[in-house]
2 protein chains.
Amino acid sequence: MTATRVAGKGGMGKRRKAKVQAVAKRRQGLASRERLLDAAEKLFALYGFNGVSVRQIVHAAKVNLGAVPYHFGTKEELFKAVIYRRAQPLREEREERLKKLREKGKKPGLEEVLWALLEPAFRASRENEWFRRLLGRASMDPTPEVKKLLAEIYNVEFMVVPKELRKVNAELPDDVFYWRLNCFYGVMLFVLADPGKIQTIAGKEFDTSRPEVALKYVIPFLTAGFRSPA
Amino acid sequence: MTATRVAGKGGMGKRRKAKVQAVAKRRQGLASRERLLDAAEKLFALYGFNGVSVRQIVHAAKVNLGAVPYHFGTKEELFKAVIYRRAQPLREEREERLKKLREKGKKPGLEEVLWALLEPAFRASRENEWFRRLLGRASMDPTPEVKKLLAEIYNVEFMVVPKELRKVNAELPDDVFYWRLNCFYGVMLFVLADPGKIQTIAGKEFDTSRPEVALKYVIPFLTAGFRSPA
DNA sequence: ACACTATTCATACAAATGTATGATAAGCGT
DNA sequence: ACGCTTATCATACATTTGTATGAATAGTGT
């Protein structure tokens, strides 16, 4: 295969794995690809997977329409690429924090674990605020494709979350724990999905720029929830 | 105007208001309209506003394509109709519960208020389980049309929620209260949107058929969250 | 400078979309 | 039984959708 563009139907993903990654940096090319990812990230976050057309994305990215089939094959693959670009670094950071926590000697408490789990996601992507919103949104997207993809991602990247939380809630019976975990996800995703929502709800200004602020309020709420008598 | 079908562009909504409502019952007609609402309710709940086409809806409803322009004018109006059909009875039930609570004499507590606010929504629509999922989903839908509509609905139908919760959290400073209210919404909508999610999260079977069960777990979590030291 | 690959572009296309419409049928009051 | 409104139907239409492709350009190793 000369393998210039995405082959047939599902042949994507192999091509360029080695090549492009190796070469990516010394080229000034691939600007389209990167710009596409950025634009798609933002638009998907704002309007959802089905709420944006490929044409809107290429327009925002100032890139040709053909760039999408070329670089990603399908809209769905583009979406995946958007998520995966950030998901891995996110997991790494989360795990590093957990490691640090364990190294501190005594067994970490619920509050510390919550902090370690949430902070990276809340601060996700220094470069770009849109990813955290996308993550929240996508997690509640009812579309089957999106659900499937997200399940995939959660299995790979987020398995540590329930595992670590279980450790610091060892005394809870299974059913109680999982219901509280469910509540935890609800809070996390809601705040991730729309950091500005609180302003709408409250009808006044809030500092939503710094993620630590949100965590300052959210973590005590969650801690108390987990700690409440069964 | 002979006013048989939706006029021009935005003339809908007036026609039939008096007429149809008065006649609706003694006719066996309007079956299409009702079936459309049911099918749309379910499909919107499952796949979101942008995730379903009008054709999918009319097919599920076993109704002609033209019935949508005829009865509702646009897809968006259909969506509104789906929501409004249930939203009002929902509010009424919520308010009745609150009234009963106040009549009991002593000032109602946080837990009782939570119960009164949540139970109607969790049990929303005896006839049809889909509405509660739709309500949850729609509340997180990023699409501007849906957001606008939901804001509208919340202002009319849900204003009582923050008001009542504020009463039983009078001691909290504004910022703390609103952040906790935010968390509350997150939990509520998440559980409403996908009652079966907990099974995915836990990886095992849960009883998700009876809303009281969910509330048994969720309300203590929320109560503790609101009650946690600021 | 040359061969070659990687990328970008303008354009095409079939499928799906929301909406509109004229013809037809059904239901009601009289 | 008739007239009139309400409802249903088959069908049409202009857009928008995702994806594909061949030609043109830019970049790289030699």
Side-chain angles (χ1 to χ4, degrees), chain A residues 1-12 15-36 40 43-44 47-59 61-79 143 145, chain B residues 1-12 15-36 40 43 47 49-59 61-79 143 145:
Chain A
M1 46 166 159
T2 31
T4 293
R5 74 187 53 177
V6 170
K9 279 276 160 189
M12 169 57 173
R15 184 184 60 97
R16 90 182 28 226
K17 196 166 282 167
K19 188 64 79 43
V20 148
Q21 288 201 109
V23 191
K25 287 298 144 49
R26 59 189 156 100
R27 295 224 153 162
Q28 60 83 262
L30 256 8
S32 307
R33 202 186 127 95
E34 223 52 40
R35 281 220 303 282
L36 264 172
L43 291 176
F44 283 146
Y47 308 115
F49 181 76
N50 286 303
V52 212
S53 71
V54 175
R55 279 169 173 82
Q56 289 175 292
I57 294 171
V58 301
H59 179 254
K62 291 190 180 45
V63 150
N64 188 270
L65 180 57
V68 170
Y70 176 71
H71 285 291
F72 304 97
T74 68
K75 185 187 180 186
E76 209 173 319
E77 291 292 329
L78 166 59
F79 183 82
T143 312
E145 318 99 77
Chain B
M1 42 164 157
T2 32
T4 293
R5 73 188 53 177
V6 170
K9 279 277 161 188
M12 168 58 173
R15 184 185 59 96
R16 89 184 25 236
K17 196 167 282 168
K19 188 64 77 46
V20 147
Q21 288 201 111
V23 189
K25 286 298 143 49
R26 58 186 157 104
R27 292 229 157 158
Q28 59 83 262
L30 253 12
S32 306
R33 202 186 126 96
E34 223 53 40
R35 281 222 302 282
L36 264 173
L43 292 176
Y47 309 115
F49 182 77
N50 287 304
V52 212
S53 71
V54 175
R55 279 170 174 82
Q56 291 176 289
I57 294 171
V58 300
H59 178 255
K62 291 190 179 47
V63 151
N64 189 271
L65 179 58
V68 170
Y70 176 71
H71 285 290
F72 305 98
T74 68
K75 184 186 180 185
E76 209 172 320
E77 291 292 330
L78 167 59
F79 183 83
T143 312
E145 316 101 76

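So that the names make sense, note that chain A is the first sequence line, chain B the second, and so on, each numbered from 1. Excluded from the calculations below are hydrogen atoms, water molecules and symmetry mates; all remaining heavy atoms, backbone and side chain alike, are included.
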[N] [atom2] sits how many Å from [X] [atom1], rounded?
X        : N       : atom1 : atom2 : answer
Asn50(B) : dT17(D) : CG    : P     : 11 Å
Tyr47(B) : dT17(C) : OH    : P     : 14 Å
Leu36(A) : dT19(D) : CG    : P     : 13 Å
His59(B) : dA16(C) : NE2   : C1'   : 15 Å
Arg33(A) : dT7(C)  : CZ    : P     : 9 Å
Glu77(B) : dG18(C) : CD    : C1'   : 14 Å
Lys75(B) : dT17(D) : NZ    : P     : 12 Å

Notebook entry, point to check: Does Lys62(A) or Leu65(B) map to a spot on DNA chain C nearer the 5' end, using the closest nucleotide for each?
Noted result: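 On the 5' side of the pair lies Lys62(A).
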
Residue [X], side-chain atoms from C-beta onward, closest of [options]:
X        : options                  : value
Pro69(B) : dT19(C), dA20(D), dT8(D) : dT19(C)
Thr74(A) : dT8(C), dT19(D), dT19(C) : dT19(D)
Arg55(B) : dC13(C), dT8(D), dA12(D) : dA12(D)
Val54(B) : dT8(C), dG18(C), dA20(D) : dG18(C)

Next item on the list: Have a look at Val58(B) and say if it touches a base, only the backbone sugar-phosphate, or nothing, with a 4.0 Å heavy-atom cut-off.
Entry: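 Nothing, no heavy atom under 4.0 Å.
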
Notebook entry, point to check: Is a donor on one side and an acceptor on the other found under 3.5 Å between the side chain of Lys75(A) and the backbone of Phe49(A)?
Noted result: yes

At what distance, to the nearest 0.5 angstrom, does [atom1] of [X] lie from [atom2] of [Y]?
X        : Y        : atom1 : atom2 : result
Gln56(A) : Tyr47(A) : CD    : OH    : 8.0 Å
Leu36(B) : Leu78(B) : CG    : CG    : 6.5 Å
Phe72(A) : Arg33(A) : CZ    : CZ    : 4.5 Å

Checklist line | His71(A) vs dT8(C): side-chain N/O to OP1/OP2 distance below 4.0 Å | finding: yes

Notebook entry, point to check: Under 4.0 Å: is that the gap between some side-chain N or O of Ser53(B) and OP1 or OP2 of dT17(C)?
Noted result: yes

Margin query: Checking side-chain contact (heavy atoms from CB on, under 4.5 Å) between Ser32(B) and each of Asn64(B), Val68(B), Val58(B), Val63(B), which is the one that passes?
Written below: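 Running side-chain contact (heavy atoms from CB on, under 4.5 Å) over Asn64(B), Val68(B), Val58(B), Val63(B) with Ser32(B) returns exactly one hit, Val63(B).
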
Checklist line | Residue whose nearest DNA chain D nucleotide is more 5′ - Gly66(A) or Gln56(A) | finding: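 The residue closer to the strand's 5' end, by nearest nucleotide, is Gln56(A).
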
Checklist line | Polar side-chain contact Asn64(B)-dA10(D) base: donor and acceptor under 3.5 Å | finding: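 Checked by distance alone, the answer is yes.
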
